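Please read all numbers here as calculations on a predicted model, not as lab measurements.
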Amino acid sequence: MVPLPWVAQLVQDYEVVFTTLSWVILVIGLIQNGMYIAQLPAAWLELRQHSQSEDTESAWHLLVSEATMPISLIVPAYNEEATIVENVKSMLTLRYPDFEIIVVNDGSKDNTLDLLIQTFQLKPITRAFDPAVKHAPIRQIYKSPLYSHLIVVDKENGGSKADASNAGINISRKELFCVVDADSLLEVESLLSSVRPFMEEPGRMIAVGGTIRVLNGCTVRAGQITNMGLPHNPLALIQYIEYIRAFLMARLAWSRWGMLSIISGAFGIFRRDVVLEVGGFSHGTVGEDYELVIKLHKLMRDQGRPYSMRYVPEPVCWTEAPETFKVLATQRKRWQQGALEVFFKHRDMLLRPKYGMLGMVGLPNNLVIDVLGPLAELAGYVLMPILWMAGRLNGDFILAYTALFFLLGVFISICSLILEEMELKRLESWQDLLKLSLVAVVENFGYRQYNSWLRFMGWWEFVAKKQVWGEMTRKGVKVSA
């Protein structure tokens, strides 16, 4: 192409700016993809060492053991009438010797509370509790005569999931607690797998995260998955790949390196006493789950106390993924804003040996991926055409460079699928594996760029200090008779 004179003059006038920006974008891209590639062998080694997929005997021993640690399941619920009943039914079928379910209705404006009262015949009770962490006032506590371990808390809306979770922590009476999203379903042995690390490292283990998978396309009966189908909605199908890549690869690697920084708010188990020490979930942030884990790391490191956190792939929590671009945009902008809030709030931990691998590698990685990544990727999409029109880049180089990064993205996604199929064998047919492999290619053309734009918009909302949760509309699951 013949260079456009005015574009060439623009680049020449700001030579230093364009050159510096080009190198920054290149370095950030190399670091990102280098980290992704490094995660693959680490994830495989961690999965081989701690996999429970074929260890059913240990699960049975835990089920009948008196030493199994009691746990409270906390379910924050705000306008969740589409999924709340199936969610609670799922929990009632869990195989675990000692647990209670605490549903926290956070001032819902729909029929969430009414459905719970009618379905489980709830009755008002008086229950003493210590308000150790702050939350909005509780209006009434209910208990089910049908299920003695089911408690429902009706409280005023606190404006965030953190507020509802804190109310559940105060009401709970068990040594461990697990926060589960109200639009999610737990597999029947998920608690047995999740609690096992606490039994293996008593006194050290303070938090464990499990796998989140896409519920869309699955069939539910009596609160449990009866058919693990793939989503029919194209948008949800792409997210299926994303979830496998994020959980099975990234978090396994972080777990192995001792710098697990995110335990999903949809399914994570924590030691109650340690969480109370850090003041529970923080208000005023949309990344309360991420921030809690960082606070726990910081507390233990500051006090010089030995501790462990682990990601376990077998306990699966199924959640409904957005099927419209509007809902997806709300979710992704909120995730980006939460990541930025947490990073800048705890930036004093960055590159400090006192905080171990998290401070020296984990937070620098978050700086590159979460803070600089969206800006660099979007800038790259703008900068490359400008340099091409200025005659500084030829078309062959642009195609080769773009193809390389796309191939790396496809390679990482395919390797994540292979890792899952080798160790966990979740897919029901080779046709499903082939379909997901094709999706791993397609997502790089359009969806990845759209996601980058949403992350940039999340950056903008963070700068503008707009904390907008938006309506996460749920369609509900397919329920079989």
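A136 approaches G158 most closely through the heavy-atom pair CB-CA, 3.9 Å.
With a 6.0 Å cutoff to the six-membered ring centre and a 45° limit on the axis angle, R251 counts as a cation-pi contact of F247.
The backbone N or O of S90 lies less than 3.5 Å from a partner atom in the side chain of T93, making a donor-acceptor pair. Under the 3.5 Å distance criterion, the side-chain polar atoms of R271 are matched with a main-chain donor or acceptor of G203. Put simply, the side chain of R139 gets close to the backbone of K155: a donor and an acceptor are under 3.5 Å apart. In this structure a side-chain-to-backbone donor-acceptor pair under 3.5 Å is missing from E175 to M69. H149 places no side-chain N or O within 3.5 Å of a backbone atom of L92 that could act as its donor or acceptor partner. Of the possible polar contacts, one joining the Q336 side chain to the D370 backbone as a donor-acceptor pair under 3.5 Å is found. Side-chain atoms of N233 come within 3.5 Å of backbone atoms of E323 as a donor-acceptor pair (strictly under, hydrogens ignored).
Between Y142 and F120, the ring center distance fails the sub-6.0 Å criterion. Note: W453 and Y450 fail the aromatic proximity criterion, with ring centroids not under 6.0 Å apart.
At a threshold of 4.0 Å, the pair E341-K345 does not count as salt-bridged, since none of the basic side-chain nitrogens sits closer than that to a carboxylate oxygen. E187 and R213 are not joined by a salt bridge, as no carboxylate oxygen comes within less than 4.0 angstrom of a charged side-chain nitrogen. Between D106 and K161, no side-chain nitrogen of the basic residue sits less than 4.0 Å from a carboxylate oxygen of the acidic one, so the salt-bridge criterion is not met.
Under the 3.5 Å distance criterion, with hydrogens and angles disregarded, a donor-acceptor pair is assigned to the side chains of D302 and Y355. In this structure, a donor-acceptor pair under 3.5 Å is present between the side chains of Y290 and N366. E201 and S308 share a side-chain donor-acceptor pair at under 3.5 Å. Counted by atom type alone, S160 and D163 present zero donor-acceptor pairs between their side chains at under 3.5 Å. With hydrogens and angles left out, the side-chain atoms of E288 and S282 include no donor and acceptor closer than 3.5 Å.
At least one side-chain heavy atom of V180 sits under 4.5 Å from a side-chain heavy atom of N87. Residues V371 and F344 have side chains in contact (heavy-atom distance under 4.5 Å, counting atoms from C-beta outward).
Within a 6.0 Å radius of NZ in K326, other residues, nucleotides and ligands contribute 12 heavy atoms or fewer. More than 12 heavy atoms of other residues, nucleotides or ligands shown are found within 6.0 angstrom of NZ on K174.
Put simply, CG on L122 and OH on Y147 are 11.0 Å apart, with the number rounded to the nearest 0.5 Å.
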